[in-house]
J.: 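One structure is given below, represented as structure tokens, and several questions about it will come after.
Just so it is clear, the structure is predicted and the values come from calculations on it, not from any experiment.
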Amino acid sequence: MTRVDRRRIHGVAVALRDALVYPLTSDARLLGAGVVTIGTYVLLVLSTYPQFTRQFLERDLTDVTYGVSVLTREVYLTSGWLGLSLVVLYALLTGVAVTNAAALLRRRRRSGATGVAGILPGVLAAGCASCGAGVLGALGFVGAMAALPYDGTLLRVGGIVLLVGFLTRSGDPRTCSVGAIERTEPDGSAT
């Protein structure tokens with residue numbers, strides 16, 4: 001591994017660390033990330049068995065805690081510790097990504113920039129992929145869920161990779177990331 005490669009890897013690791021630490025920099029950010037994380041976890045768990053979720057919610061809306069606990073157990077029994085860990089990790093990363101995306105959006109509005117193309121991947125990764133295989137079941141594609149290898153684990157891993165990619169690319173939303181990760185020229189020299 002060359003020195004430039006080590007610098008690039010270090011720069012990516014620092015950007016990811018800065019993005020993950022950002023919600024911890026204020027109580028409001030931490031609260032926002034926590035609310036999004038819990039909401040995402042509840043959504044993920046409830047979407048694993050949409051028919052059961054619909055039945056108990058139609059009976060009594062206060063049964064949400066019961067449903068989340070029962071379905072958390074079912075996720076564990078179906079996918080094991082790996083599947084449950086991926087759901088928890090996905091929810092945590094979604095909370096961080098939404099918090100960072102909100103900060104990036106506020107910053108862009110203040111600077112007068114009209115494009116939100118840099119924020120869109122994080123919002124899409126956090127929003128669309130968060131339901132994972134549960135959306136397929138809710139839409140009636142139970143056969144497609146059965147065809148997914150490893151009970152949708154690869155879909156969850158794909159969502160986590162998207163979230164980590166967004167967080168690595170965005171870094172700390174309070175700082176300008178242009179030039180933060182060292183670029184190399186075709187001849188191998190660093191710029």
J.: Are the side chain of Thr25 and the backbone N or O of Tyr22 linked by a donor-acceptor pair below 3.5 Å?
T.: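 Checked: pair present.
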J.: Apply the side chain to side chain contact (heavy atoms under 4.5 Å, CB included) test between Val98 and each candidate in Val35, Val36, Leu163; give the one that qualifies.
T.: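 Checked Val35, Val36, Leu163 against Val98; only one passes side chain to side chain contact (heavy atoms under 4.5 Å, CB included): Val36.
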J.: Is the shortest heavy-atom distance from the side chain of Tyr41 to the side chain of Val45 under 4.5 Å?
T.: yes
J.: Decide side chain to side chain contact (heavy atoms under 4.5 Å, CB included) for Val96 and Leu92; before the verdict, give the C-alpha distance in whole Å, the side-chain angles of both, and the deciding distance to 0.1 Å.
T.: CA-CA 6 Å; Val96 172; Leu92 286 169; 5.8 Å; no
J.: For residues Pro23 and Asn100, report the shortest heavy-atom separation together with the two atoms involved.
T.: CD-OD1, 4.0 Å
J.: Under a 3.5 Å distance rule, please check whether Asp172 uses its side chain to pair with a backbone N or O of Ala19 as donor and acceptor.
T.: no
J.: Can you tell me how far apart CG (Leu89) and OG (Ser85) are? Round to the nearest 0.5 Å.
T.: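 Answer rounded to 0.5 Å: 8.5 Å.
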J.: Quick one: list whatever passes side-chain hydrogen bond (donor to acceptor under 3.5 Å, both in side chains) with Arg54, sequence neighbours left out.
T.: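 With neighbours one apart ignored, the set is Gln51, Glu58.
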J.: Quick one: CG on Leu86 to CG on Leu82, what's the gap to the nearest 0.5 Å?
T.: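 Result: 4.5 Å between the selected atoms.
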J.: Could I get the full list of side-chain hydrogen bond (donor to acceptor under 3.5 Å, both in side chains) partners for Thr62, not counting sequence neighbours?
T.: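 In terms of side-chain hydrogen bond (donor to acceptor under 3.5 Å, both in side chains), with neighbours along the sequence ignored, Thr62 is linked to Asp60.
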J.: What I'd like to find out is whether the side chain of Val14 reaches to under 4.5 Å of the side chain of Arg17, using heavy atoms alone.
T.: yes
J.: Side chains of Val164 and Thr168, heavy atoms from C-beta outward: is any pair under 4.5 Å?
T.: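 They are in side-chain contact.
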J.: Do Leu93 and Leu167 have side chains that approach each other closer than 4.5 Å (heavy atoms only, starting at C-beta)?
T.: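 With C-beta onward as the side chain, the pair touches.
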J.: Return the CD1 to OG1 distance between Ile38 and Thr94, rounded to the nearest 0.5 Å.
T.: 13.0 Å
J.: Which pairs pass ring pair (Phe, Tyr, Trp, His ring centres under 6.0 Å) with one or both residues in residues 55-75, sequence neighbours excluded?
T.: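 The answer is Phe52-Phe56.
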J.: What distance separates Leu20 CG from Leu16 CG, expressed to the nearest 0.5 Å?
T.: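 One finds 4.5 Å between CG of Leu20 and CG of Leu16.
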